[in-house]
Student: 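I am attaching a structure below and will ask some questions about it afterwards.
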Amino acid sequence: MGRRRGFGSRLLAGLALASMSICLVLLHQLSQDGRGAIGGATNEAVERRQRHSHRYLLMAAAGSGSLPAAAIESKRPSAAKETARNEVDDGNQSTSAAVDRRLPRLLIIGVRKGGTRALLEMLNLHRDIAMVPVEVHFFDKFDNYQRGLDWYRSQMPLSSDAQLTVEKSPSYYVTPEVPERVYAMNPHVQLVLIVRDPVTRLLSDFAQIEASRAAQNLPNRRFQDVALLPNGEVNTQNRALHVSLYAKFLSRWLHVFPRRQLHIVDGDRLIRDPWPELQKVERFLGLEHLIRRDQFYFNATKGFFCLTGTPADVGNDNLTAADEHHNHYHHKCLAGSKGRRHPQVPDEVISVLRQFFAPHNRKFFAMVGQDFDWPEQ
Ligand code: A3P
């Protein structure tokens, strides 16, 4: 009997303990949910980005995906030491004097469909570049801009002191408020604009718009029905067409920034032969010429140049199977959303558009002091 009472009270005590644990777990869960509810989906998105950025640190610290982390540390022993010391001093610190999130010192401001992604990925081959992998749209989206510079900084990848953080959001170029806002962040920021023959850019833009319409089950349209009016004249109300009026937007930027802070990349040349264009960007940024011609190879299936190898691996004949695998990982072509098939358009339509853009183009060439030789007929 005594033994049975003992067993019973042990059972009761056990049950009480179990229900207390369940309560504690429920309470914890509630507090987690409550926390989530404050920021809702936005917090979640920010955290996802943070995690993404964190993962990106590995690539940024490894020369933006091009150098093993060990290699970069050996290049910057003082920075590596500093990091190690801070990590010992304060185990809770996620960043240090050497590795931190820094506001961009270079912005690729546009132009949409000019080759902005290719340019960013190619620049990212450079050891001293830390790219923001996503388009942050801080300066052009009011909701983002309202979140302030600390939020913007939190979207940046971790980078070393020696690295230059680069963000690209192509709509910066055409959004009226952006130049002033960028200036308020840093009047010395460097700007890169990549442009293409405006008619080709328009065809590319149209292909993208139609692809997203198709995804929404909206009917296909003919390019000429959108770009031209029924009487055959250019439809100047078309938004995509406006983006190709480069001079119109440039004047806003040059009103705020001196010309020397803006470098213009020839997007058509970047497609045909990327390396010389990248050398020019390196020179503009005052970076060592580290991007090499053999880091690009033409992929006949894609019809574009793709990126390959790491500075350490390329040309190394003593690679192990693991190295080969690692190296293979660094072969990178742009996603299928780049290099879409452009619509087939009658020559007369192209000719009408070229004539329309010609005076705007000449104005643009005069403003930038560079002739891109885009066809006028
Ligand atoms: P198309 O899809 O019309 O060919 P953005 O990144 O600004 O949206 O620009 C997209 C354009 O980048 C593509 O337009 C493509 O032509 C161009 N581009 C330049 N270099 C490229 C490369 N190496 N791989 C894929 N696309 C490239």
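Quick caveat: nothing in here was measured; it's all calculated off a predicted structure. Indexing begins at 1, ligand by ligand and atom by atom, following the structure's order.
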Student: Show the short N or O contacts, below 3.5 Å, that ligand 1 makes with protein N or O atoms; if there are none, say 'none'.
Tutor:
{"from": "ligand 1", "atom 1": "2 (O)", "to": "Gly339", "atom 2": "N", "distance (Å)": "2.7"}
{"from": "ligand 1", "atom 1": "2 (O)", "to": "Arg340", "atom 2": "N", "distance (Å)": "3.1"}
{"from": "ligand 1", "atom 1": "3 (O)", "to": "Ser204", "atom 2": "OG", "distance (Å)": "2.6"}
{"from": "ligand 1", "atom 1": "3 (O)", "to": "His342", "atom 2": "NE2", "distance (Å)": "2.5"}
{"from": "ligand 1", "atom 1": "4 (O)", "to": "Gly339", "atom 2": "N", "distance (Å)": "3.4"}
{"from": "ligand 1", "atom 1": "6 (O)", "to": "Thr116", "atom 2": "N", "distance (Å)": "3.4"}
{"from": "ligand 1", "atom 1": "6 (O)", "to": "Thr116", "atom 2": "OG1", "distance (Å)": "3.4"}
{"from": "ligand 1", "atom 1": "6 (O)", "to": "Arg117", "atom 2": "N", "distance (Å)": "3.0"}
{"from": "ligand 1", "atom 1": "6 (O)", "to": "Lys338", "atom 2": "NZ", "distance (Å)": "3.0"}
{"from": "ligand 1", "atom 1": "7 (O)", "to": "Lys113", "atom 2": "N", "distance (Å)": "3.2"}
{"from": "ligand 1", "atom 1": "7 (O)", "to": "Gly114", "atom 2": "N", "distance (Å)": "3.3"}
{"from": "ligand 1", "atom 1": "7 (O)", "to": "Gly115", "atom 2": "N", "distance (Å)": "3.1"}
{"from": "ligand 1", "atom 1": "7 (O)", "to": "Thr116", "atom 2": "N", "distance (Å)": "2.8"}
{"from": "ligand 1", "atom 1": "7 (O)", "to": "Thr116", "atom 2": "OG1", "distance (Å)": "2.6"}
{"from": "ligand 1", "atom 1": "8 (O)", "to": "Lys113", "atom 2": "NZ", "distance (Å)": "3.1"}
{"from": "ligand 1", "atom 1": "8 (O)", "to": "Lys338", "atom 2": "NZ", "distance (Å)": "2.9"}
{"from": "ligand 1", "atom 1": "9 (O)", "to": "Gly115", "atom 2": "N", "distance (Å)": "3.0"}
{"from": "ligand 1", "atom 1": "14 (O)", "to": "Arg196", "atom 2": "NH1", "distance (Å)": "3.1"}
{"from": "ligand 1", "atom 1": "16 (O)", "to": "Arg196", "atom 2": "NH2", "distance (Å)": "3.3"}
{"from": "ligand 1", "atom 1": "23 (N)", "to": "Phe305", "atom 2": "O", "distance (Å)": "2.8"}

Student: Quick one: does Leu250's side chain get under 4.5 Å of Val368's, heavy atoms only?
Tutor: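 Yes, side chains in contact.
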
Student: Specify whether Tyr145 and Phe139 have parallel, tilted or perpendicular ring planes, treating 30° as the upper limit for parallel and 60° as the lower limit for perpendicular.
Tutor: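 Tilted.
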
Student: What class does the angle between the rings of His360 and Phe357 fall in, given that below 30° is parallel, 30 to 60° is tilted and above 60° is perpendicular?
Tutor: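 Ring orientation of His360 relative to Phe357: perpendicular.
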
Student: Given side chains that start at C-beta, do those of His255 and Pro179 come closer than 4.5 Å, heavy atoms only?
Tutor: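 A side-chain contact under 4.5 Å is absent here.
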
Student: Please round to the nearest 0.5 Å and tell me the distance separating atom OG of Ser204 and atom CZ of Arg196.
Tutor: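 Nearest 0.5 Å value for the OG-CZ distance: 4.5 Å.
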
Student: List the steps and the verdict of side chain to side chain donor-acceptor pair (under 3.5 Å) for Ser212 and Gln208.
Tutor: CA-CA 6 Å; Ser212 80; Gln208 171 152 322; over 6 Å; no

